[in-house]
Amino acid sequence: MTNNVRTPLLDTINSPADLRKLPESQLQLLAKEIRHFLLHSVSKSGGHFAAGLGTVELTIALHYLLNTPDDRIVWDVGHQAYPHKILTGRRDRMHSIRQWQGLAPFPKREESEYDAFGVGHSSTSISAALGMAIAAKHSGSRRKLVAVIGDGGLTAGMAFEALNHAGALRSNLLVILNDNDMSISPNVGALSKRFAQMLSGKLYTAAREKGKKVLSNMPPAWEIAKRAEEHIKGLIVPGTLFEEFGFNYIGPIDGHDLPTLLETLHNIIQLDGPQFLHIITKKGKGYEPAEADPVKYHGVTPFDPIQGIIASKKVSRPTYSKVFSDWVCDMAAQDERLVAITPAMREGSGLVRFEQEFPDRYFDVAIAEQHSVTVAAGMACDGLKPVVAIYSTFLQRAYDQLVHDIIIQKLPVLFAIDRAGLVGADGPTHNGSFDLTLLRCLPNMVIMAPADENECRQMLYTGFMLDQPAAVRYPRGTGPGVEIEQVMSALPIGKAEMRRQGKGIAILAFGSMLAVALEVGEQLDATVINMRFIKPIDTEMIIQLTQEYDLLVTVEENTVQGGAGSAVTETLTAHGITQAVLQYGLPDEFIPHGGREDMLKGAGMTTEGLLEFILGHLQAQDAGKAAKTA
């Protein structure tokens, strides 16, 4: 990084050990410098921005008071962990975050000993930290365990399962709720701040524990005292729910008031048993445009720190998400049974316009993927036609519900699966590498993969019109730029189409890989088939190809294991046909984060990669024939 984004105080911090050498009086200045660094770093590199601005004071306080990395901090999701990376020896590499061979976008155990738990999806922090607390007890360790979860992450059922378990075990665990959207609590005032300091202090804690011992021998008196404490707390703080889970609730306090945060944390980490600290922060804190529009500044591309993000006036090809957005609004206008469901991905999935035009038919269920699928099943049972807009990797969380609640009952729910294949900077935790493999084995399911924007629109219509479960999986970003037909027509189910006539070799392309297949087809004079359907697969076409071509090559942006190519080989085996089939797709490994083009190249999912793959096979085949004749 250049010197103009580094400040003298921050330059002295290369680890939390250096941070702990600072007098407390300098921490406010350090917070200001970290925000300055974040602004100038992320504005150049792009990345998650607003969430990190909101956790600066919390991150400083935790590393200042805890003995990290021996003490563990488990961050939920990781959007809020940029300040953590800065303070744990990675400041000089922040310019590379989310880029090919650069820093990971989220905490990653292989990257730093301070990253206690790798994370990309939300609501795992409490479970993971609880597991570490159990392990610490087992080994006799007194290390501190802290889980930091946002109010959005707390909407997932898994978080409440973990709270229930932790409260029952009475484990030494601190859960910090970073409430940055005012979705749970009222404004933090002087009374609640003072009350939090008092509740976490030694005097109150000692009196509370002493009272327990005395009153526990008098059950009626103990019950009265317990209820009295709960009611008094309930008048001032909204912590009754967490108290019922067995946690000692403290808060809410201002997460940007560093002295109060330090004092409260200092007190609470001395306590035994499950503790719950509720802090209020402002997403985008310290940068006015991000404070005003934290959604816009959640994840950013490079921008001018002075002018902020300026909407591009450049007219470009529509993304697949935009194609879905237009289709679902057009379809809803035609069919009042259509309802749209998303698990907290309104903007990413393209449902902003739908919510505005059809608010009574739009359902954001928060970070609750399992619920999104089962509530869709219930809707379908009674005559509605649900469309579930969900990312490929998020659907993985709801696989059990998909099987039991949708597939077995053969309910007409359409899954619009976004971010299928390699997604880019978010990396392995968000790559949609497995959906074809996961879905293809399920009965009663129609699975489609469009090769272009128009095909995506027609496939969505096709799936919606079916009286059974269907899925359309499409990649992130834009397609090849074909003209989109506004008139919708259903495709013949399970039928592929020939896109190029050649000889010798037939390339069977699934979805996004058609463009690559056509380029290779030109160079090899090969036939290219746009397969369109993964299930049911075009058996008639596949058998016909074996009669006319010496070699079949399948290409897909999904893992090869159990993917679309496997469906082709299974089809041939079922018909007793022995035919050379090369399967080309994502390798059996996790592709590192970076730009989508970098990831595709790294995975070999390019024209050059496919061409080299086929030519390598042909050369090996020729060498084998030569060896036999010799």
Side-chain angles (χ1 to χ4, degrees), residues 420-422 432-441 446-452 455 471 473-475 494-575 577-589 591 600 603-618 620-621:
L422 302 179
S433 306
F434 312 113
D435 53 79
L436 291 184
T437 302
L438 293 170
L439 297 177
R440 196 175 65 77
C441 62
V446 173
I447 310 168
M448 296 167 273
D452 57 50
E455 203 165 64
R473 59 102 68 174
Y474 43 88
K495 291 300 179 182
E497 63 171 1
M498 183 176 292
R499 285 291 189 94
R500 187 186 188 281
Q501 180 75 55
K503 56 186 178 181
I505 302 172
I507 304 175
L508 288 66
F510 293 86
S512 62
M513 295 306 296
L514 178 64
V516 167
L518 286 169
E519 291 179 6
V520 173
E522 287 292 330
Q523 297 187 48
L524 297 179
D525 191 22
T527 287
V528 178
I529 308 297
N530 177 21
M531 292 301 294
R532 302 199 294 194
F533 288 83
I534 293 86
K535 188 172 187 176
I537 201 159
D538 194 337
T539 301
E540 183 180 351
M541 170 73 81
I542 293 170
I543 293 175
Q544 180 183 340
L545 292 173
T546 64
Q547 298 168 356
E548 300 176 8
Y549 298 91
D550 300 324
L551 176 65
L552 304 187
V553 182
T554 64
V555 190
E556 61 189 298
E557 197 177 336
N558 185 85
T559 184
V560 169
Q561 284 79 1
S566 295
V568 174
T569 60
E570 290 164 12
T571 298
L572 296 178
T573 300
H575 288 80
I577 299 174
T578 302
Q579 172 77 25
V581 179
L582 296 183
Q583 297 179 44
Y584 198 67
L586 297 178
D588 188 23
E589 61 188 63
I591 309 302
L600 289 169
M605 304 300 290
T606 60
T607 300
E608 295 75 19
L610 178 58
L611 183 62
E612 181 181 349
F613 177 72
I614 296 173
L615 291 177
H617 171 79
L618 295 176
Q621 193 176 57

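This chain uses plain numbering: 1 for the first residue, then up along the sequence. Every heavy atom of this structure was used, including side-chain atoms; hydrogens, water molecules and symmetry mates were not. Predicted model, so just to flag it, every value in this text is computed and none were measured.
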*Evaluate the side-chain contact (heavy atoms from CB on, under 4.5 Å) criterion for residues Gln621 and Leu551: first the C-alpha distance (whole Å), next the side-chain angles of each, then the deciding distance (0.1 Å), finally the verdict.*
CA-CA 11 Å; Gln621 193 176 57; Leu551 176 65; 5.9 Å; no
[X] side chain to [Y] main-chain N or O, any donor-acceptor pair under 3.5 Å?
X	Y	answer
Thr437	Gln561	yes
His575	Thr571	yes
Tyr584	Gly604	yes

For [X] versus [Y], what's the shortest heavy-atom pair and its separation?
X	Y	result
Leu436	Ala564	CD1-CB, 4.3 Å
Gln501	Tyr549	NE2-OH, 2.9 Å
Thr527	Gly502	OG1-N, 2.6 Å
Gly521	Val528	CA-CG2, 4.0 Å
Asn558	Gly563	ND2-CA, 3.8 Å
Leu610	Ala517	CD2-CA, 4.2 Å

*Begin from the C-alpha positions of Asn530 and Glu455 and carry the test side-chain contact (heavy atoms from CB on, under 4.5 Å) through to its verdict.*
CA-CA 11 Å; Asn530 177 21; Glu455 203 165 64; 2.8 Å; yes
Can you measure from [atom1] ([X]) to [atom2] ([Y]) and round to the nearest 0.5 angstrom?
X	Y	atom1	atom2	value
Ile534	Ser566	CD1	OG	12.5 Å
Gln579	Leu572	CD	CG	7.0 Å
Cys441	Lys535	SG	NZ	7.0 Å
Met513	Met531	CE	CE	15.5 Å
Leu586	Leu422	CG	CG	5.0 Å
Phe510	Arg473	CZ	CZ	11.0 Å

Going by the rule side chain to side chain contact (heavy atoms under 4.5 Å, CB included), which residues pair with [X] if we only count those two or more places apart in sequence or in a different chain?
X	result
Leu438	Gln396, Tyr399, Phe434
Gln547	Ile543
Thr607	Val516, Glu519, Val520, Gln523

*asked:* Show every salt bridge (Lys or Arg N to Asp or Glu O under 4.0 Å) that has at least one partner inside residues 537-554, sequence neighbours left out.
replied: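 Of all non-adjacent pairs touching residues 537-554, those that pass salt bridge (Lys or Arg N to Asp or Glu O under 4.0 Å) are Lys495-Glu540.
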*With sequence neighbours excluded, tell me which residues meet salt bridge (charged side-chain N to carboxylate O under 4.0 Å, His left out) with Glu522.*
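Once residues adjacent in sequence are excluded, the partners of Glu522 under the salt bridge (charged side-chain N to carboxylate O under 4.0 Å, His left out) criterion are Arg500.
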*asked:* Which residues pass the salt bridge (charged side-chain N to carboxylate O under 4.0 Å, His left out) test with Glu570, not counting sequence neighbours?
replied: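 Testing Glu570 for salt bridge (charged side-chain N to carboxylate O under 4.0 Å, His left out), a comparison that skips the adjacent residues, returns Arg440.
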*Show your working on side-chain contact (heavy atoms from CB on, under 4.5 Å) between Met541 and Leu508 and close with a plain yes or no.*
CA-CA 10 Å; Met541 170 73 81; Leu508 288 66; over 6 Å; no
*Does the side chain of Pro536 reach to within under 4.5 Å of the side chain of Val446, using non-hydrogen atoms?*
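Pro536 reaches Val446 side chain to side chain.
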*asked:* Between Asp588 and Val560, is there a side-chain heavy-atom distance shorter than 4.5 Å?
replied: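 Counting from C-beta outward, Val560 and Asp588 never come under 4.5 Å.
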_If you apply the rule side-chain contact (heavy atoms from CB on, under 4.5 Å), what do you find for Leu611 with Leu524, and how did you get there?_
CA-CA 8 Å; Leu611 183 62; Leu524 297 179; 3.7 Å; yes
